[in-house]
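All values below come from the heavy atoms of this structure, side chains included, with hydrogens, waters and symmetry mates left out.
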Amino acid sequence: MNIGDPVTAHYKSGKYTGTITGFRPGVYTVKISSVLRHPVQGDLHNPNVADVPFFHERKALALGEQANIAESAVHPFDGEAANYTDSLLAAVVKIENRLIAKDDAFTVRSLQALQSVKKEYELMYKVSFE
């Protein structure tokens, strides 16, 4: 893959579309265009565990943000990238619906963290999840 190529990229449990803006051995720099899957909340080293010292609140990478992503997590993309805000809203609703379907301590903490993230998105992007 080359600079300027459209790609999908997996980064810290989220999945995005973007464009390659740089490369060094083993790592692509990807400029984010849309959100395909919102990052999960909680401690990545202790997945699905609610009782951890620090329960992480994860936001999606922002529109235009550039992230250094492992070469193995970047793949060619041949589709049309969705509007960033629309894709973010859809990704949040999807993860929220998946969490609501479960009933355990991890889900409760994840939904609480996601509510906080949603409030930030509403302020940043002038959107509503209602």
Side-chain angles (χ1 to χ4, degrees):
M1 291 184 284
N2 300 301
I3 291 176
D5 286 354
V7 294
T8 61
H10 298 266
Y11 185 76
K12 293 187 180 178
S13 79
K15 185 176 180 184
Y16 306 89
T17 63
T19 306
I20 295 174
T21 60
F23 177 77
R24 64 178 195 265
V27 177
Y28 285 108
T29 302
V30 177
K31 184 175 180 181
I32 303 304
S33 302
S34 69
V35 181
L36 297 174
R37 183 177 60 238
H38 194 278
V40 297
Q41 307 304 300
D43 185 346
L44 292 179
H45 302 290
N46 296 291
N48 300 317
V49 177
D51 188 22
V52 292
F54 185 71
F55 196 88
H56 297 267
E57 194 176 273
R58 284 198 177 70
K59 294 187 285 278
L61 295 174
L63 175 64
E65 183 172 353
Q66 297 198 48
N68 293 317
I69 302 175
E71 186 176 358
S72 62
V74 177
H75 307 284
F77 178 66
D78 63 359
E80 184 75 26
N83 169 281
Y84 179 84
T85 306
D86 293 343
S87 68
L88 176 65
L89 289 169
V92 168
V93 168
K94 186 175 180 178
I95 194 171
E96 189 172 39
N97 287 339
R98 194 178 82 217
L99 288 168
I100 289 170
K102 298 178 183 178
D103 185 27
D104 56 30
F106 175 77
T107 301
V108 170
R109 291 214 49 201
S110 291
L111 285 169
Q112 289 170 342
L114 192 59
Q115 290 306 317
S116 177
V117 169
K118 283 171 55 176
K119 287 178 185 176
E120 287 189 48
Y121 291 155
E122 288 174 342
L123 293 172
M124 287 172 50
Y125 299 108
K126 309 292 187 241
V127 296
S128 175
F129 288 92
E130 301 302 319

Within the side chain of [X], is there an N or O that forms a donor-acceptor pair under 3.5 Å with the backbone of [Y]?
X	Y	value
Ser87	Val35	yes
Ser34	Ala81	no
Glu57	Gln41	no

> Tell me, do Thr8 and Arg37 make a side-chain contact under 4.5 Å, heavy atoms counted?
Replying inline: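 No, too far: nothing below the 4.5 Å cut-off.
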
> Is the closest side-chain heavy-atom distance between His56 and Lys12 below 4.5 Å?
Replying inline: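 No - every pair of side-chain heavy atoms lies 4.5 Å or more apart.
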
Nearest-0.5 Å distance, [atom1] of residue [X] to [atom2] of residue [Y]:
X	Y	atom1	atom2	answer
Thr107	Arg98	OG1	CZ	9.5 Å
Leu36	Lys94	CG	NZ	9.0 Å
Ile32	Leu88	CD1	CG	12.0 Å
His75	Asp5	NE2	CG	14.0 Å
Ile3	Lys31	CD1	NZ	13.0 Å
Ser110	Gln112	OG	CD	9.0 Å

>> Tell me which pairs pass ring pair (Phe, Tyr, Trp, His ring centres under 6.0 Å) where either residue lies in residues 24-44, with sequence neighbours left out.
In response: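 Checked against ring pair (Phe, Tyr, Trp, His ring centres under 6.0 Å) - neighbours excluded - the pairs reaching residues 24-44 are Phe23-Tyr28, His38-Tyr121.
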
> If you look at every heavy atom in Gly18 and Val30, which pair is closest and at what distance?
Replying inline: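 Smallest interatomic distance, heavy atoms only, reads CA-CG1, 3.9 Å.
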
> Step by step, would you call Asn68 with Arg24 a side chain to side chain contact (heavy atoms under 4.5 Å, CB included)?
Replying inline: CA-CA 9 Å; Asn68 293 317; Arg24 64 178 195 265; 3.8 Å; yes

> Does atom NZ of Lys118 have more than 12 heavy-atom neighbours from other groups under 6.0 Å away?
Replying inline: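 Result for NZ/Lys118: enclosed.
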
>> Counting only heavy atoms not in Asn97 (residues, nucleotides, ligands), do more than 12 fall under 6.0 Å from its CG?
In response: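 For Asn97, atom CG is crowded (more than 12 foreign heavy atoms under 6.0 Å).
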
>> Angle between ring planes, Tyr84 versus Tyr125, binned at 30° and 60°: parallel, tilted or perpendicular?
In response: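 Ring orientation of Tyr84 relative to Tyr125: tilted.
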
> With no hydrogens and no angle check, do the side chains of Ser33 and Thr17 hold a donor and an acceptor under 3.5 Å apart?
Replying inline: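 No donor-acceptor contact under 3.5 Å links the two side chains.
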
> Any side-chain donor-acceptor pair under 3.5 Å between Gln115 and Glu96?
Replying inline: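 Yes, Glu96 and Gln115 have a side-chain donor paired with an acceptor closer than 3.5 Å.
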
> Looking at the rings of Phe106 and Phe55, which for Trp means the six-membered one, are their centres under 6.0 Å apart?
Replying inline: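 They qualify: ring centres under 6.0 Å apart.
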
According to a hydrophobic-cluster definition based on side-chain heavy atoms being under 4.5 Å apart (Ile, Leu, Val, Met, Phe, Trp, Tyr only), do [X] and [Y] belong together?
X	Y	value
Val92	Leu123	no
Leu61	Leu63	yes
Leu114	Val40	yes
Ile69	Met1	yes
Val93	Ile100	no

